Every structure is written in structure tokens, then in C-alpha cells.
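Working notes, structure below.
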2 protein chains.
Amino acid sequence: MDNDQDDPAAATDYQPLYAQVKALITRRIATGDWKPGDMIPNEFQLANEYNVSQGTVRKALIAIEAERLIVRRQGRGTYVARHTREHALFHFFRMVDINEQRPVPTSQALSQNIVNASQELAKQLEVEPGTPLYHITRNRSLKASPAIYERIYTPVQMMPDLQIEIGKQMVDEMYVIYQERYGITIAHASERVAAIAASAEDARQLKIAKATPLLEITRIARDVSKVAVELRISRCRSDEFRYAAELN
Amino acid sequence: MDNDQDDPAAATDYQPLYAQVKALITRRIATGDWKPGDMIPNEFQLANEYNVSQGTVRKALIAIEAERLIVRRQGRGTYVARHTREHALFHFFRMVDINEQRPVPTSQALSQNIVNASQELAKQLEVEPGTPLYHITRNRSLKASPAIYERIYTPVQMMPDLQIEIGKQMVDEMYVIYQERYGITIAHASERVAAIAASAEDARQLKIAKATPLLEITRIARDVSKVAVELRISRCRSDEFRYAAELN
DNA sequence: GAGTGGTCTAGACCACGGT
DNA sequence: CCGTGGTCTAGACCACTCG
């Protein structure tokens with residue numbers, strides 16, 4: 001009682017109670033114990049389960065909500081966040097047109113095959129070189145004209161039997177598929193934007209002149225546990241569209 | 001009881017106590033009542049002043065801290081945030097090199113004059129067309145080679161007698177100057193990134209071939225009250241550098 | 001009306017930073 | 001040692017949603 005430091009780890013491992021509760025709840029969501037769309041127990045039930053006060057649970061829940069893992073609604077309850085198409089687009093699709101409107105993209109898959117991870121791909125996706133990866137290419141149109149040519153890589157092991165219909169409009173965003181089919185929630189992404197000259201392939205796909213300047217957006221998407229799930233390289237027309245970022 | 005909507009204002013004007021306290025404290029910072037670097041009264045003093053409990057003040061302070069307007073330090077006190085060069089760069093300079101290192105830019109002003117806002121500039125800076133603006137051009141080097149050519153516009157009225165030394169290394173970031181000389185704290189910025197082909201001017205400034213693809217970053221920077229303070233158009237080499245964004 | 005999250009208060013104790 | 005912010009608890013009351 002008078003000395004909690006007899007465990008030397010305590011000094012470095014110390015986490016406030018609410019942070020511990022937050023970690024416990026987060027784990028139950030990450031493991032699929034509570035699934036997207038589920039309502040989780042109320043604050044008093046959780047407080048009782050973890051033997052803390054309701055205020056401590058509340059602080060944990062507010063922190064989890066800030067990470068968009070849960071949605072809390074007064075009078076209703078607390079729910080595990082679900083990736084809707086709107087949500088996926090709102091959080092992860094950053095292109096705006098020159099009038100500051102957010103266009104809604106339509107997507108059409110062009111090809112799907114399996115490749116073994118090169119050194120470069122392996123490094124980015126944090127897997128061993130040679131790991132089998134799906135390689136999907138697709139076209140995305142903004143305002144009814146082709147604007148983005150995209151290559152997507154994701155480990156086969158994470159998404160057994162992933163099948164994308166080729167040549168048809170995709171109904172769901174990839175992240176909705178990951179969540180609904182495999183229980184993988186994309187929670188974070190890191191993007192790097194470069195300016196490049198359109199290759200012959202880009203020019204053909206986007207119906208533009210070769211060497212037109214394009215935005216190349218390289219994105220690593222990670223799940224709730226920060227595990228890399230997808231590498232996506234998007235080449236975007238930049239004549240009518242811009243990549244948008246807000247710094248706060 | 002059955003109808004709280006008889007006063008239409010009540011529905012829209014209602015703010016929780018902590019939000020009102022937050023607004024009051026924020027205003028005192030925005031007006032310069034408390035200046036960057038100042039220590040503000042402790043939670044109990046504020047609670048007493050505003051006739052609320054210390055817990056309510058705390059919630060307001062946590063919210064203000066989340067907006068990076070204040071810094072709270074255990075055992076020390078709560079301080080109004082100050083723009084250091086490190087802070088300005090960390091929050092507003094988003095370029096990384098191809099090895100994911102953040103290069104530290106050096107800047108050299110090329111010119112400073114006054115222009116009257118065109119329709120386009122006026123719209124972006126939210127001022128009347130014709131409003132006098134400073135127009136500053138500068139070169140920025142990353143890792144000792146010229147990498148960014150930048151045009152900066154800011155209303156003369158906001159920064160009377162702004163003088164930038166031409167042709168010399170700039171010691172301070174622009175945002176440090178705005179804060180220290182004029183008490184204007186840049187708190188938000190909105191960026192739009194495009195890919196463009198280098199103009200003859202860009203090519204000369206950046207010592208690259210004409211028509212090389214460049215990143216063009218257009219930024220509107222705003223103060224604590226969301227008033228537009230600066231428009232900045234940066235053209236960046238994209239061969240060794242990338243624009244970085246994290247989506248959470 | 002019952003149940004949920006949201007706000008607010010009050011007070012205890014801890015951890016940190018300086019005197 | 002004192003004063004600061006940080007954590008935690010306990011309980012009251014409010015606002016929203018739904019049956």
C-alpha cells in the first residue's frame with residue numbers, strides 16, 4: 001500500500017487508470033469482441049466491470065471517441081463505429097475540385113492478381129519480402145471523367161479469398177469491404193504526395209497527354225492496432241482537382 | 001415543460017458552462033489581454049472569477065489546450081502558447097525527404113513590395129478587391145539546395161511597417177514575426193496541393209529544367225479568431241521531397 | 001417513464017517543479 | 001515545503017431517445 005514501486009516496471013509502465021480502461025476497451029473492439037455497429041455496455045456497467053468510477057470510464061470513452069473508434073449518442077448509448085461509404089470518403093478521400101467542392105468518386109476495378117512483395121513493397125507494408133500481396137488496379141472518376149489511376153497492395157493472408165469484380169462499378173469503398181468482410185477497421189493512414197509526369201500508362205488510363213503533371217499520393221493505411229493493411233498509390237489529375245489538408 | 005422551443009434563441013444559443021468559460025478565456029487570449037508566454041491564473045482563481053467549479057474550468061482549459069492555444073504543465077502552471085521557430089515548422093511545414101526525414105528549411109527573401117488585391121487574391125484572403133497587400137517572394141533551401149520558391153501575400157493594414165531584409169538568411173519564420181511584432185498568432189491553415197509544370201521563373205529560381213513537375217501548395221493561414229492573415233503559394237521540388245499528411 | 005449519455009460540482013489525493 | 005496541474009471518486013441534475 002505504502003509502496004507500489006516494489007515492481008520496478010511500475011515506474012515506466014505507469015498509466016493512469018482511465019488510460020488502462022481505455023486500453024482494455026480498445027482491445028475488446030480490436031479483437032472483435034465488440035463489433036462495428038454493436039452497442040457497448042453503459043458507463044455504469046463498464047465502471048462496475050473494471051472496478052473504477054463512472055467518471056473514469058467516461059474519460060476513457062471520450063478518449064476513444066476522439067480516435068473515432070466509438071460513437072456516443074446522448075439518450076441512445078455508445079456504439080462501435082462502423083465504416084460507412086460516407087465515413088470512408090469523408091475521412092480518407094482528400095481531393096477537392098477548384099471550387100472547393102468534394103466530388104464523390106466512382107470506382108472501376110481494372111485488374112486483380114497476386115504478386116510477391118518486392119523489397120520496396122515489403123518495407124512499406126512492413127512484411128517480409130516475398131510475402132504474397134493482392135495487386136489491384138482501378139480507375140476512379142470524379143464528376144464523370146477519369147481522374148485517378150490507382151494501384152492497391154494488401155497482404156493476401158489478411159484478406160483470404162478477396163475477390164473484386166473487374167470492369168464493373170464498385171459499390172463499396174475498399175475500407176468498407178475490409179471491415180465488413182474481414183473485420184479489419186482502417187483507423188489511420190499516412191500519405192506522401194509528390195508531383196510526377198504522367199507515364200504512358202497514366203496517360204492512357206486518364207486520357208491525358210503523356211508527361212502532364214500529376215499528383216502521386218502514396219498511402220499506407222493501418223488498422224486500429226496500427227498494423228499496416230494496405231499500400232495505395234494514386235495518380236490524380238491536378239488540372240481540376242487539388243489535394244486538401246487542414247493544419248490545426 | 002412540454003415545449004422548450006417557445007424561445008427560438010434558446011435552442012441555438014445554448015452552450016454548456018465549460019464552453020462559455022472556454023470562449024471567455026479564448027477571447028482574453030485573442031485580444032492580447034493575456035499574451036504569448038504569459039502564465040494565466042490557476043484553475044481555482046479562474047473558477048472563482050467566473051463563479052464555476054474548478055472542474056468546469058479544467059474542462060475548458062483542456063479544450064483550449066487541444067487547440068494549442070495554451071500549454072499546461074503540471075507543477076508549473078498554464079501558459080499562453082508561444083510560436084517558437086520549432087513550433088511553427090513542426091506544425092506548418094509538411095515536407096519530408098524520401099527517407100522520411102524532416103529537413104529544416106533556410107529562407108532568403110528575394111523581394112518585398114505592395115500590390116493591390118486582385119479579385120482572386122481578395123477572394124482568398126477575404127478582403128475587398130484593391131486592398132493593399134504585401135507581396136514577398138523568397139527562396140527556401142532544404143539540405144542546402146534551393147527547393148521551394150514562395151510567394152506570400154498579407155494585408156498591409158494588419159502588419160504596418162513590415163520590413164523583411166532582402167537577400168539575407170531569415171532568422172525567424174514568418175509566423176514568429178507575425179506573433180512577436182504584431183501579436184497575431186497563426187492558429188489554423190488550410191492547404192491545397194496541385195501538381196504543375198515549372199514555369200521559366202520557377203526553373204530559374206530552383207535551378208531545374210523548365211516544365212519539371214512541381215508541387216504547388218496554396219495555403220491560407222488564419223489567426224485564433226479564424227481571420228485570414230496570409231496567402232502563401234509555394235512551389236516545391238518533388239524529386240527528393242514529399243508533402244506529408246496523416247489522416248486519423 | 002425509464003434509461004442513456006452530458007454537465008456540473010465538490011473534495012481527496014498524487015506527481016511534478018521550484019523554493 | 002508549497003503551489004501547480006493530474007487523477008479519481010461520488011453524486012446531483014439535465015437533455016435526449018425510445019417505447
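Predicted, not measured: the structure shown is a model, and the values here were computed from it. Quick note on labels: first sequence line is chain A, next is B, and so on, each numbered from 1.
- Comparing A:Asn51 and A:Gln74 against DNA chain D, the residue whose closest nucleotide sits nearer the 5' end is A:Asn51.
- Rounded to an integer number of Å, the gap from B:Phe44 CZ to D:dG5 P is 9 Å.
- Aromatic rings from B:Tyr134 and B:Tyr153 are positioned such that their centres are separated by 6.0 Å or more.
- Listed nucleotides D:dT4, D:dC8, C:dG5 differ in distance to A:Ser53; the shortest reach to its side chain belongs to D:dC8.
- Looking at A:Glu173 and A:Arg140, a side-chain N of the basic residue comes within less than 4.0 Å of a carboxylate O on the acidic one, giving a salt bridge.
- Atom P of nucleotide C:dG3 and atom CG of A:Asn42 are separated by 10 Å, given to the nearest angstrom.
- Between B:Leu61 atom CG and D:dG5 atom C1' there is a gap of 10 Å when expressed in whole angstrom units.
- In this model, the phosphate group of D:dT9 is approached by a side-chain N or O of A:Thr56 to a distance below 4.0 Å at OP1 or OP2.
- Side-chain atoms of B:Arg72 and base atoms of D:dG6 include no donor and acceptor less than 3.5 Å apart.
- Atoms CD1 (A:Ile62) and P (C:dT4) sit 17 Å apart, rounded to a whole Å.
- In this structure, of C:dT9, D:dG5, D:dA10, it is C:dT9 that holds the atom nearest to the side chain of B:Val52.
- In this structure, A:Arg73 does not reach the D:dC16 phosphate: none of its side-chain N or O atoms is under 4.0 Å from OP1 or OP2.
- For the pair B:Met39 and A:Gln20, nearest-nucleotide mapping onto DNA chain D gives the more 5' position to B:Met39.
- Annotation: side chain of A:Thr185 is not in contact with side chain of A:Asp223 (no heavy-atom distance under 4.5 Å).
- B:Arg58 has its CZ atom 8 Å from the P atom of D:dG5, to the nearest Å.
- Rounded to whole Å, the distance from CD1 on B:Ile70 to P on D:dG6 is 9 Å.
- Taking the six-membered ring for Trp and thresholds of 30 and 60 degrees, B:His83 and B:Tyr175 have nearly parallel ring planes, at less than 30 degrees apart.
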Take B:Arg58 and B:Glu65, measure what salt bridge (Lys or Arg N to Asp or Glu O under 4.0 Å) needs, and give me the verdict at the end.
CA-CA 10 Å; B:Arg58 165 158 291 168; B:Glu65 184 184 37; over 6 Å; no
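- Within the structure, every side-chain polar atom (N or O) of B:Thr78 is placed at least 4.0 Å from both OP1 and OP2 of D:dT4.
- With rounding to whole Å, A:Arg76 atom CZ is found 9 Å from D:dC18 atom C1'.
- Rounded to an integer number of Å, the gap from A:Asn48 CG to D:dG11 P is 14 Å.
- In this structure, A:Gln54 reaches neither bases nor backbone, as no heavy-atom distance under 4.0 Å exists between it and the strands shown.
- For A:Leu17, counting side-chain heavy atoms from C-beta on, the closest listed nucleotide (D:dA15, C:dG17, D:dT9) is D:dT9.
- Checking the phosphate oxygens (OP1, OP2) of D:dC8, no side-chain nitrogen or oxygen of A:Lys59 falls inside 4.0 Å.
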